[in-house]
Amino acid sequence: MPFYTFQCNSCGEKFEVRCSIAEKDSGSVVCPGCGANELDRIFEGFSVSMKGNSCAGAAECPMAKKCGGCCHAPHKV
């Protein structure tokens, strides 16, 4: 399940919750500080880590600029 960051409209507390998409959308998440469910979702940056040494295809290749977009062989960059 993903983590979501919220800010409470009642007390202003900013907090993170691990919940399903359905829970997030249903309004069942409540502020741990005051118990209110009037919350704003905060969108924060994230990072992605890729493991392995080959790509599935040139269109999705994060190394395309370095490998020339071939993506049919393992990368050693």
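Because the structure is predicted, anything quoted here is derived from the model rather than measured.
I42 and K14 get closest at one heavy-atom pair: CG2-CE, 4.3 Å. A pairwise comparison of heavy atoms in G27 and N37 identifies O-ND2, 3.6 Å as the closest pair.
Partners of S26 according to the side-chain hydrogen bond (donor to acceptor under 3.5 Å, both in side chains) rule, which considers only residues two or more places apart in sequence or in another chain, are S28.
The shortest side-chain heavy-atom distance between S10 and C31 does not fall under the 4.5 Å cut-off. Between E13 and P32, some side-chain heavy-atom pair lies under the 4.5 Å cut-off.
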Side-chain donor-acceptor pairs under 3.5 Å in residues 1-9, sequence neighbours left out?
{"residue": "T5", "atom": "OG1", "partner": "E44", "partner atom": "OE1", "Å": "3.2"}
{"residue": "Q7", "atom": "NE2", "partner": "G12", "partner atom": "O", "Å": "3.1"}
{"residue": "N9", "atom": "ND2", "partner": "E38", "partner atom": "O", "Å": "3.4"}

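Membership of an apolar cluster is not assigned to V30, as no side-chain contact below 4.5 Å to another ILVMFWY residue is traced.
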